[in-house]
Amino acid sequence: MKVILASDHGGVNLRQEVADVLTELQIDFEDIGCDCEGSVDYPDYGIPAAERVAHGEFDKAILICGTGIGMSISANKVKGVRAALVHDLFTAKVTREHNDSNVLCMGERVIGPGLAKEIAKTWVSTEFEGGRHQNRITKIAEYENK
Ligand code: RB5
């Protein structure tokens with residue numbers, strides 16, 4: 001599995017925590033920043049990361065901003081991306097099982113690092129269930145391709 005990791009200035013600290021988790025799990029990842037002291041714009045990081053998932057260069061992305069909302073809105077504009085905004089362990093698991101989400105978004109100003117690290121671990125290690133859930137994802141893809 002290859003993961004791309006990005007944040008804006010509001011997610012720098014949590015991005016480092018997630019990088020530590022991916023290293024611990026021996027998951028291959030690329031961290032594209034931001035390397036920022038000042039303010040940056042989350043679409044400048046979220047959209048390129050989501051595109052690299054959509055194009056098949058990476059299997060998954062983990063995107064962090066202050067709330068996770070800007071990153072999730074941005075990533076979901078990219079065709080083929082199913083970005084999930086997650087702040088609890090239940091939806092971390094179920095969004096992989098049911099939605100086959102390929103982008104995880106979290107907000108550094110919403111949850112603490114301990115929970116965020118557990119969410120990241122759960123999300124990267126949970127498999128899609130397929131079956132009836134595949135039909136629903138196919139309908140989303142059909143809409144995108146209209
Ligand atoms: C940046 O201040 C903040 O708006 C951003 O990190 C994010 O929360 C947007 O959704």
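For ligands, and for the atoms within them, numbers begin at 1 and follow the listed sequence.
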*Can you sort out which atoms of ligand 1 are near Gly66, meaning under 4.0 Å from one of its heavy atoms?*
5 (C), 6 (O), 7 (C), 8 (O)
*Just distances here: any N/O of Met71 and N/O of ligand 1 closer than 3.5 Å?*
no
*Relative to the heavy atoms of Thr67, which atoms of ligand 1 are at a distance of less than 4.0 Å?*
7 (C), 8 (O), 9 (C), 10 (O)
*Considering non-hydrogen atoms only, spot the tightest contact between Leu104 and Ala120 and give its length.*
CD2-CA, 4.1 Å
*Interatomic spacing from CG in Leu25 to NZ in Lys117 - rounded to 0.5 Å*: 10.5 Å
*Going by atom types alone, do Gln134 and Thr138 pair a side-chain donor with an acceptor below 3.5 Å?*
yes
*Run the contact test for Arg109 against ligand 1 with a 4.0 Å cut-off on heavy atoms, strictly below, and give the result.*
yes
*asked:* Using a 4.0 Å cut-off to any heavy atom of His9, which atoms of ligand 1 qualify?
replied: 1 (C), 2 (O)
_Less than 4.0 Å from atom 4 (O) of ligand 1, is there any heavy atom belonging to the protein?_
no
*Does the side chain of Arg15 come under 3.5 Å of the side chain of Ser7 through a donor N or O and an acceptor N or O?*
yes
*If you round to the nearest 0.5 Å, how far is OH of Tyr45 from NE2 of His9?*
10.5 Å
*asked:* I need the nearest protein heavy-atom contact for atom 7 (C) of ligand 1: residue, atom name and distance, please.
replied: Cys65 SG, 3.4 Å
*Proximal atoms of ligand 1 relative to Tyr42 (non-hydrogen, under 4.0 Å)*: 9 (C), 10 (O)
*Can you tell me how far the CD atom of Glu30 sits from the CG atom of Leu5, to the nearest 0.5 Å?*
10.0 Å
*Is the count of non-hydrogen atoms from other residues, nucleotides or ligands lying under 6.0 Å from Lys93 atom NZ greater than 12?*
no
*Give the residue, atom name and distance (to 0.1 Å) of the protein heavy atom nearest atom 10 (O) of ligand 1.*
Gly70 N, 2.8 Å
